[in-house]
Protein chains: 2
Amino acid sequence: MNRATIYSIAQELGISASTVSRAFTRPDLVRESVREQVLQTARRLGYQPNRSARGLATGRTGLVGVLVPDITNPFFPPLVRAIEQQAATHDSDVLLVDSGVNGTAESVLIGRLLSQVDGLILASPRARSATLKQAIAGTPTVVVNRAVQGLPTVVCDNTAALQQAGQHLVDAGHRRVALLCGPASAWAANRRARAVRTWASGADVELVEFGPLEAQFEDGQRAAEDVVASGATAVLAFDDLMACGVLAGLAELGRSVPGELSVVGCDDVLLARTLTPQLTTVTAPIEELGRRAVEVLGKVVDGEPVANVSLTGTLTLRGTTAPAL
Amino acid sequence: MNRATIYSIAQELGISASTVSRAFTRPDLVRESVREQVLQTARRLGYQPNRSARGLATGRTGLVGVLVPDITNPFFPPLVRAIEQQAATHDSDVLLVDSGVNGTAESVLIGRLLSQVDGLILASPRARSATLKQAIAGTPTVVVNRAVQGLPTVVCDNTAALQQAGQHLVDAGHRRVALLCGPASAWAANRRARAVRTWASGADVELVEFGPLEAQFEDGQRAAEDVVASGATAVLAFDDLMACGVLAGLAELGRSVPGELSVVGCDDVLLARTLTPQLTTVTAPIEELGRRAVEVLGKVVDGEPVANVSLTGTLTLRGTTAPAL
DNA sequence: CTGAAAGCGCTTACAG
DNA sequence: CTGAAAGCGCTTACAG
């Protein structure tokens, strides 16, 4: 039993393939009674349009490529899912590629996607801007969680929330705060570090910096010792995963949180709420980042003008922050 | 600047498109010097084969569809990544679809994938076997984390490890053990529950069952109260996420782990190690499940005979289990 | 509203 | 080892 095609349907109905095709893609151009017959026999025959054929004819694949640095980092799954759901709205599916923290050259992976997608969403890419722009070679692209000159961007601005977090710590009596910086090649890491530094320079607080560190649990864990040695009583971590690592490291060292030290994360991923006590963090509208990215990408693909979007994170106070001793 | 095609390369070199095509797909059929010229000008022109055209001609899309119930559950990201990396080995990419815990009919999502993939990997599908088999409509498919009659399967057998976990608890003096069952429609949940029941019936222990529950953090959290009320001193949770929820719930109730109660998870996802203390659990070879699934799928696609694969989980003792008071 | 025909960019017998 | 040609299953001007 071969797969049904528009021809088998056409033959069955004694009409032309053109009409069958139109019944699906331009239903308004087909007489209603005919359209219904087509749809009905299509269903009966289990017809599914051949995407390759359609793609070849239209130049559109109905696929959006999504590149993430590490799907294992709990920030990305909700983002990817939101992208996928929003894309489904446009009859598109998601081609997912993980560049691996190791960094299997992002440009290589992009190249692999290029020939099969209508557009690309690069989430937190690490490669240099020039490299990225060369790699995408003109393919409609939107960058999430990073600004790249000349490419549409969807980011979350956590500046204000991070500064509020800092202020929250100072208000609680903390005077020495550790800043755990994320990966040097991560735009968000630099952005966040800068926000904290700016705040610190104008506040009654001493900032002690550590890093750059990889945004992994283990890196945060290892940093705990240095944090304790520094005499800091509070920690601002690049992200929740890292904060989580610090928490584990501090526990190993017998330090209590929030009793002896306070810890603040960033992003508010699932992990933040599964901890006991729950993590004080900056909540990012992850799903909305994903949805907006798809929206913007759609416009780029259609050649419409687009504006960068910048959402904002909000401080969420939970159990890992408390007054300094 | 239009995209380069085999024709532009052929013209540039004064050879036929057939030869250009062969230089890529059947290099052994092309004189070396010619092949090299082709490859070189291809690179110079930034040529990328049009996947739609290739797909239409060969009937292969180079895509494998992966359906997960909830990419947000930390079990799936490493699985998906392993699948993706292994697929890359076969020059294939991953089309990811999340059915959402809500359960956007899996068969609908499968239908959406059908026309664009060479094969399907269904991870922990929830739909009934008959429904699944009808939905895939003959497309090469392998099922991960579930057995479906007539479909090749890649699972992790945790029976022995779970029974060891139980024995570990009994040895530590626990006589009343709570079993938190996972979703009724999840094959693994039933499998695990059965393993525990079998063990319990032959051991000096009283088993108290709760559930079925959704495999979410909150469900475990809510269950804590009942667990405490039951007088159980130890908990076997369907998976780590649920175990994590119980831990949080117990903490809210002021119960210490492993002081007053012991908790055991299953899968050993990232979450298990980010907890303090770390979670005693059954470690599943998640990456290998993914790789094997792709291997098996490859054989199915090629029409080779396949055997189901069953890997085994191993008990990993960590910090959430201790002798009963 | 409908059909005949060309074309999308590949692959692959077939013939040399 | 190479080329001419047909075909994969759609879409879409073009003509009616």
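Below, each value reflects all heavy atoms present in this structure, side chains not excepted, and no hydrogens, waters or symmetry copies. Order of the sequence lines fixes the chain letters, A, B, ..., with proteins taken first and strands second; residue numbering starts at 1 for each chain.
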State whether B:Thr19 places a side-chain N or O below 4.0 Å from either non-bridging phosphate oxygen (OP1 or OP2) of D:dG3.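 Yes, because at least one side-chain N or O of B:Thr19 sits under 4.0 Å from OP1 or OP2 of D:dG3.
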Measuring to OP1 and OP2 of C:dG9, would you say a side-chain N or O of B:Thr5 lies under 4.0 angstrom away?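 False: B:Thr5 side-chain N/O out of range (4.0 Å or more) of C:dG9 OP1/OP2.
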Nearest-angstrom distance from the residue atom [atom1] of [X] to [atom2] of [N]:
X	N	atom1	atom2	answer
A:Gln37	C:dC1	CD	P	15 Å
A:Arg26	C:dT2	CZ	C1'	14 Å
A:Glu32	C:dT2	CD	C1'	17 Å

State which residues pass side-chain hydrogen bond (donor to acceptor under 3.5 Å, both in side chains) with A:Glu288; sequence neighbours excluded, sorted by chain then number.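 Partners of A:Glu288 by the side-chain hydrogen bond (donor to acceptor under 3.5 Å, both in side chains) criterion, ordered by chain and then number, come out as A:Arg292.
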With sequence neighbours excluded, tell me which residues meet side-chain hydrogen bond (donor to acceptor under 3.5 Å, both in side chains) with B:Arg44.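 For B:Arg44, the residues satisfying side-chain hydrogen bond (donor to acceptor under 3.5 Å, both in side chains) (neighbours in sequence not counted) are B:Glu12.
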Stems involving DNA chain D, each a run of at least 3 consecutive Watson-Crick or G-U pairs under 3.5 Å: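 Ordered by first number, the stems with DNA chain D (at least 3 consecutive pairs each) read C:1-3 with D:14-16, C:5-12 with D:5-12, C:14-16 with D:1-3.
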Using the P atom as the reference point in each nucleotide, state the distance between D:dA6 and D:dT2 in Å, no decimals.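 About 23 Å, rounded to a whole number of Å.
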D:dT12 and D:dG16: how far apart are their C1' atoms, nearest whole angstrom?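 Roughly 16 Å separates the two C1' atoms.
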Show the nearest heavy-atom pair for residues A:Ala82 and A:Gly290, with the distance to one decimal.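 Reported closest heavy-atom pair: CB-CA, 4.2 Å.
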Can you work out whether A:Asp28 or A:Tyr7 has the more 5'-proximal nearest nucleotide on DNA chain C?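 Nearest-nucleotide comparison on DNA chain C picks A:Asp28.
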Salt bridge B:Arg112-A:Asp91, side-chain N to carboxylate O under 4.0 Å: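 A:Asp91 and B:Arg112: not salt-bridged.
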Would you mind classifying the nucleic acid contact of B:Ser21 as base, sugar-phosphate or nothing, using non-hydrogen atoms under 4.0 angstrom?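 Base: the residue B:Ser21, judged by heavy atoms under 4.0 Å, touches a nucleobase.
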When all nucleic acid strands are considered with a 4.0 Å heavy-atom cut-off, which category describes B:Tyr47: base, sugar-phosphate, or nothing?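 Sugar-phosphate contact only.
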Among residues 51-60 of chain A, which residues get a heavy atom nearer than 4.0 Å to DNA chain D?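 The answer is A:Ala53, A:Arg54, A:Ala57, A:Thr58.
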With a cut-off of 3.5 Å and sequence neighbours excluded, list every side-chain donor-acceptor pair involving residues 49-59 of chain B.
from	atom 1	to	atom 2	distance (Å)
B:Asn50	OD1	B:Ser52	N	2.8
B:Asn50	OD1	B:Ala53	N	2.9
B:Thr58	OG1	B:Arg54	O	2.8
B:Thr58	OG1	B:Arg60	N	3.0
B:Thr58	OG1	B:Arg60	O	3.3

From C:dG3, D:dT2, D:dT11, nucleotide with atom closest to A:Thr25 side chain: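 For the A:Thr25 side chain, the nearest candidate turns out to be D:dT11.
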Does any non-hydrogen side-chain atom of A:Ile136 lie less than 4.5 Å from one of A:Leu120?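 Contact flag for A:Leu120/A:Ile136 side chains = yes.
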Side-chain (B:Ser18) to main-chain (B:Ser16) donor-acceptor, under 3.5 angstrom: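 No: the side chain of B:Ser18 does not pair with the backbone of B:Ser16.
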Could you pull out the protein-nucleic contacts involving nucleotides 13-15 of chain D (nitrogen or oxygen on both sides, under 3.5 Å)?
from	atom 1	to	atom 2	distance (Å)
D:dA13	N6	A:Arg22	NH2	2.8

